[in-house]
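Sequential numbering from 1 along the given sequence is applied to the chain's residues.
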Amino acid sequence: RRDEYGYRRFALLLNSENFKRNVNAHGVLLVNFHAPWCSHCAALAPHFERGAQLGISHNVILFTHLFNNTISQFKKLRKVVELEISAAFAGVDCTAEENKKLCDDEKILAYPTIRVYRGSSSDAILLNKSKGDIRHFEVYHGPRTSEAMAEFTLSLLRTMRENDTRTINDAPSTSSS
């Protein structure tokens, strides 16, 4: 599979129908809102796709590392882990007819726009609150290199891991003594 710029696609391809589902399915989703005619988008494309490729391998390594010594905790958290402790890169072509409403709803005003969607965060922006459709996102302002974007998503996953570990360790014991 190739993207709009001819590069091998590793990032998810999002549209109006699968956007919300993918945001909810990943703990961290780095989304590139772009237009194929934009020269800055074309320059970003290979870095974004390579970042997605690196992110895939980091997810596997991090997932293995997270639960290497905590199998019993893993079994308790399997559903949470599948939904929350994952990261992905995704792209939305804002010029495609089926995505114009999505890009309008997301208030995309410039290309490329890279946003980070993740679970509830105190420093996240709430979008479309009046419609009851609350999404948390932050604009990604980091370096636009594949390594930097992959490391950024990995650092967010590490933070989620630390928070989940604290939650597990602080939970009351369910065993009776």
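In this structure, CD1 on Ile114 lies 6.0 Å from CG on Leu30, to the nearest 0.5 angstrom. Here the SG-CG distance, from Cys94 to Leu102, works out to 7.0 Å after rounding to the nearest 0.5 Å. Rounding to the nearest 0.5 Å places CG of Asp104 at 9.5 Å from CD1 of Ile108. From Ser16, atom OG reaches atom CD of Glu97 across 10.0 Å, with rounding to the nearest 0.5 Å.
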Checklist entry - Are Lys101 and Asp105 close enough, and set up right, to give a salt bridge (charged side-chain N to carboxylate O under 4.0 Å, His left out), and what steps lead you there? => result CA-CA 6 Å; Lys101 182 175 179 350; Asp105 289 348; 2.9 Å; yes
Next on the checklist: Walk me through whether His34 and Tyr5 qualify under ring pair (Phe, Tyr, Trp, His ring centres under 6.0 Å).
Outcome noted: CA-CA 11 Å; His34 63 92; Tyr5 309 96; 5.6 Å; yes
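The nearest pair of heavy atoms linking Arg9 to Glu4 is NH2-OE1, 3.2 Å. Ala150 and Gly55 make their closest contact through CB-N, 4.2 Å (heavy atoms, listed as atom of the first residue, atom of the second, distance). Scanning all heavy atoms of the two residues, the minimum distance from Arg2 to Arg8 falls at NH1-N, 3.2 Å. Listed here is the closest heavy atom pair of Met149 and Pro143: CG-O, 3.8 Å. Across every non-hydrogen atom of Gly91 and Ala11, the tightest pair is N-CB, 4.5 Å.
Judged by distance alone, the side chain of Asn99 and the main-chain N or O of Asp93 form a donor-acceptor pair under 3.5 Å. When atom types are taken as modelled, the side chain of Arg158 and the backbone of Thr153 share no donor-acceptor pair closer than 3.5 angstrom. With Thr159 contributing its side chain and Ser155 its backbone, the two residues share a donor-acceptor pair below 3.5 Å.
Under a hydrophobic-cluster definition in which Ile, Leu, Val, Met, Phe, Trp and Tyr are linked whenever side-chain heavy atoms come within less than 4.5 Å, directly or via other members, Val31 and Leu12 are assigned to the same cluster. Under the 4.5 Å side-chain heavy-atom criterion for Ile, Leu, Val, Met, Phe, Trp and Tyr, Phe19 and Val139 are members of the same hydrophobic cluster.
Checked against side chain to side chain donor-acceptor pair (under 3.5 Å), Asn22 has no partners two or more places apart in sequence or in another chain. Every residue was checked against the disulfide (SG to SG under 2.5 Å) condition with Cys41, not counting sequence neighbours, and none meets it.
Applying the side chain to side chain donor-acceptor pair (under 3.5 Å) test to residues at least two apart or on different chains, the pairs with a partner in residues 37-51 are Arg50-Gln53.
A heavy-atom distance below 4.5 Å is found between the side chains of Val116 and Phe152.
Remark: Glu98 CD is packed, more than 12 non-hydrogen atoms of other residues, nucleotides or ligands lying under 6.0 Å away.
If you look at Phe33 and Tyr111, their ring centroids are not closer than 6.0 Å. Between Phe48 and Phe89, the gap from one ring centroid to the other is short of 6.0 Å.
Just one of Asn24, Asn18, Val23 meets the side chain to side chain contact (heavy atoms under 4.5 Å, CB included) condition when paired with Lys20; it is Asn24.
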